[in-house]
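In what follows, a single structure is set out as structure tokens and then discussed.
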2 protein chains.
Amino acid sequence: MGNDKTRKDTVLALSPVPLYTQIKGILRDRILDGSYQAHQQMPSESELMASFGVSRITVRQALGDLQKEGLIFKIHGKGTYVSKPKAFQNATELMGFGEAMAQMGYETFNRLISSKPVAPGAAIGERLGLAADAPVMELKRVRYLNRAPISLDVTYVEKALGERLAKEDLAHRDIFLILENDYGIALGRADLQIDAMLADRVLAKHLEVEEGAPVLRIERLTYTADGRPLDFEHLYYRGDAFQYRMRTERIHPQEK
Amino acid sequence: MGNDKTRKDTVLALSPVPLYTQIKGILRDRILDGSYQAHQQMPSESELMASFGVSRITVRQALGDLQKEGLIFKIHGKGTYVSKPKAFQNATELMGFGEAMAQMGYETFNRLISSKPVAPGAAIGERLGLAADAPVMELKRVRYLNRAPISLDVTYVEKALGERLAKEDLAHRDIFLILENDYGIALGRADLQIDAMLADRVLAKHLEVEEGAPVLRIERLTYTADGRPLDFEHLYYRGDAFQYRMRTERIHPQEK
DNA sequence: CCTCATATCTTGTTATGACGAGTAATGACA
DNA sequence: TGTCATTACTCGTCATAACAAGATATGAGG
């Protein structure tokens with residue numbers, strides 16, 4: 001059932017937000033609230049054209065974006081279907097720790113251990129695209145979830161930026177959000193490297209675990225939207241208290 | 001169409017591969033071989049239209065795909081630019097271990113430890129979308145890189161499929177490639193969870209490390225292209241010998 | 001009953017055309 | 001000289017149109 005060809009939806013052509021964005025939002029809501037059930041359904045492109053009163057290219061842009069988000073998938077010649085696994089949507093999204101936890105309803109708190117200018121090793125300076133002798137700021141923070149320490153974050157940024165950041169409310173706000181909302185710096189992608197290690201004495205003290213406990217180490221180099229490296233971090237997560245989740249796509253062999 | 005300000009390129013309209021795919025390939029090659037240098041350049045859309053003799057929509061589809069791959073980025077009102085960091089392209093691509101290593105020029109070898117039907121715990125059966133009492137096959141393999149053990153892979157699949165897989169040449173081929181190339185099963189996305197743990201006695205033996213050494217554990221649930229869960233794996237990587245790399249994108253707040 | 005061509009769904013690709021919006025250089029004007 | 005409107009680029013959005021290609025139901029012919 002649920003066949004509502006006659007249904008008419010209103011999208012505002014004069015709105016500042018694009019039509020396909022509005023349509024995307026409406027369809028996403030219907031998927032998330034169950035109007036469109038899992039693994040079947042989804043009106044065809046021509047039905048959506050009629051019901052929203054837009055052209056096919058607009059419908060396809062909306063559907064294409066939803067597919068990128070993982071909410072739907074298409075089968076050539078058959079139709080468009082709703083994906084089931086709502087489990088962890090958007091796990092490939094770049095987020096700060098507090099941001100990610102807040103989205104899941106957890107409260108976080110950060111304790112600033114130290115902030116000081118350091119002479120970067122060659123590796124760090126190079127990653128940030130700075131001159132070999134350019135000074136960088138090192139910010140050390142321990143992040144708490146429900147009063148238990150979860151991770152030690154060591155952040156390296158260019159010195160001037162780091163001094164500015166050190167004055168901010170790092171206890172309650174993610175650096176990512178400060179950069180974007182307060183400084184107006186648009187962030188782009190990030191490159192991550194993940195491996196496992198054992199807690200040394202310093203790490204054990206900060207994370208309140210035994211020396212030799214398993215630790216997940218993540219190296220993250222974050223770029224601005226226009227591709228300049230901005231922020232290099234070492235994140236040390238308690239192996240017993242944290243799982244890093246993500247989603248990857250299979251790229252099908254085509255012309256390669 | 002006698003138009004060539006700088007260069008004229010030939011794309012085959014009759015080819016079985018779409019025009020935008022051909023154009024995407026040509027542009028990717030030029031970026032990778034340095035014809036288009038990093039962080040500047042890139043002809044405008046209208047120039048590409050003229051040089052390839054195609055419409056704007058086709059050019060935009062090619063550029064959009066390259067942007068998703070991370071090779072280029074666009075700035076509204078200014079132009080399209082080449083991204084610099086060739087470091088690890090396509091790290092969000094879902095790949096088997098052997099596949100990934102082969103792409104980097106390494107040879108791998110797998111040793112099949114065991115393959116047997118098991119009564120799945122509730123967690124595994126549910127993940128695979130099977131009935132609670134449906135039998136599954138468990139395949140255990142140790143993966144070697146340069147004759148050193150790198151990981152222990154424990155794979156769970158539906159029983160019939162698992163028995164078929166057990167007869168294949170698992171020593172030299174990735175399960176992913178067998179599924180796709182031999183069985184014609186198109187793979188879609190995968191959901192991953194990563195954490196850190198310590199090697200127990202069994203793990204230590206297989207990975208040839210000390211008991212208590214750091215181990216990166218990855219849980220991976222792989223879906224077919226049409227969204228059915230197919231393959232659930234536990235991957236245990238030596239923390240001292242393996243780094244998991246990936247790239248994530250910042251999603252900018254829009255309508256949320 | 002089974003097979004196969006056909007009609008008719010679906011999504012995929014591509015062209016042409018238009019206007020909006022952001023960026024930047026130019027030149028007129030105060 | 002400094003400010004501002006103009007203009008000419010760029011990418012972003014959207015409409016209309018057509019055909020290709022995959023999937024499926026239908027019906028004719030064996």
Side-chain angles (χ1 to χ4, degrees), chain A residues 3 5 9 11-25 27 36 40-68 72-83 184 186 225-227 252 254-255, chain B residues 1 3 5 9-25 27 40-68 72-83 184 186 188 225-227 252 254-255:
Chain A
N3 199 334
K5 287 198 173 69
D9 295 286
V11 283
L12 308 176
L14 317 172
S15 165
V17 301
L19 280 174
Y20 76 89
T21 303
Q22 299 177 52
I23 293 172
K24 178 171 48 164
L27 294 179
Y36 294 149
Q40 277 295 120
Q41 321 262 165
M42 217 65 199
S44 73
E45 293 178 356
S46 48
E47 284 171 342
L48 291 174
M49 286 169 65
S51 103
F52 286 109
V54 300
S55 77
R56 190 164 168 226
I57 206 173
T58 305
V59 167
R60 282 181 63 79
Q61 176 134 24
L63 291 178
D65 282 9
L66 289 175
Q67 186 176 29
K68 278 201 300 185
I72 64 176
F73 63 94
K74 302 177 179 183
I75 300 182
H76 188 170
K78 289 189 69 177
T80 305
Y81 300 84
V82 179
S83 310
D226 59 355
H252 289 100
Q254 302 176 333
E255 12 76 50
Chain B
M1 59 165 180
N3 182 346
K5 20 179 57 170
D9 296 286
T10 36
V11 282
L12 309 176
L14 318 172
S15 164
V17 302
L19 280 173
Y20 76 88
T21 305
Q22 300 177 50
I23 293 172
K24 179 171 48 165
L27 294 180
Q40 278 295 121
Q41 324 263 165
M42 219 63 199
S44 74
E45 292 178 357
S46 48
E47 284 170 344
L48 291 174
M49 287 170 64
S51 103
F52 286 109
V54 299
S55 77
R56 189 167 166 223
I57 206 171
T58 305
V59 168
R60 280 180 65 79
Q61 178 135 22
L63 292 178
D65 283 8
L66 289 175
Q67 186 176 28
K68 278 200 298 185
I72 63 176
F73 63 95
K74 303 178 179 182
I75 301 182
H76 188 170
K78 291 189 67 177
T80 305
Y81 298 84
V82 179
S83 313
D226 60 355
H252 289 101
Q254 303 175 332
E255 15 75 51

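Chain letters run A, B, ... following the sequence lines, proteins first and then strands; every chain starts at 1.
Comparing D:dC11, D:dA15, C:dT10 by their closest approach to the side chain of A:Ser46 singles out C:dT10. Side chain of A:Arg60, nearest nucleotide from D:dC11, C:dG12, C:dT14: C:dG12. Of the candidates C:dG20, C:dG12, D:dC14, C:dG20 carries the atom nearest the B:His76 side chain, counting heavy atoms from C-beta on. Nearest nucleotide to the B:Ser44 side chain, out of D:dC14, C:dT13, D:dC11: D:dC11.
Remark: B:Met42 CE to B:Ile72 CD1 distance equals 5.0 Å, nearest 0.5 Å. Separating the CG atom in B:Leu48 from the OG1 atom in B:Thr80 is a distance of 8.0 Å, to the nearest 0.5 Å. To the nearest 0.5 Å, atom CD of residue B:Gln61 and atom CG of residue B:Leu66 are 11.0 Å apart. How far CZ of B:Phe73 is from CD of B:Gln67: 9.5 Å, rounded to the nearest 0.5 Å.
Not a single donor-acceptor contact under 3.5 angstrom links the side-chain atoms of B:Arg56 to the base of C:dG17.
If you take CD1 of B:Ile57 and P of D:dC11, they are 16 Å apart, rounded to a whole angstrom. Atom-to-atom, CD of B:Gln61 to P of D:dC11 comes out at 17 Å; the value is rounded to the nearest Å.
Between A:Thr80 and the phosphate of C:dT11, there is a side-chain N or O to OP1/OP2 separation shorter than 4.0 Å. Residue B:Tyr20 places no side-chain N or O under 4.0 Å from the OP1 or OP2 atom of C:dT14.
For the pair A:Glu45 and B:Thr58, both in contact range of DNA chain C, the more 5′-proximal nearest nucleotide belongs to A:Glu45. Comparing B:Val59 and A:Lys78 against DNA chain C, the residue whose closest nucleotide sits nearer the 5' end is A:Lys78.
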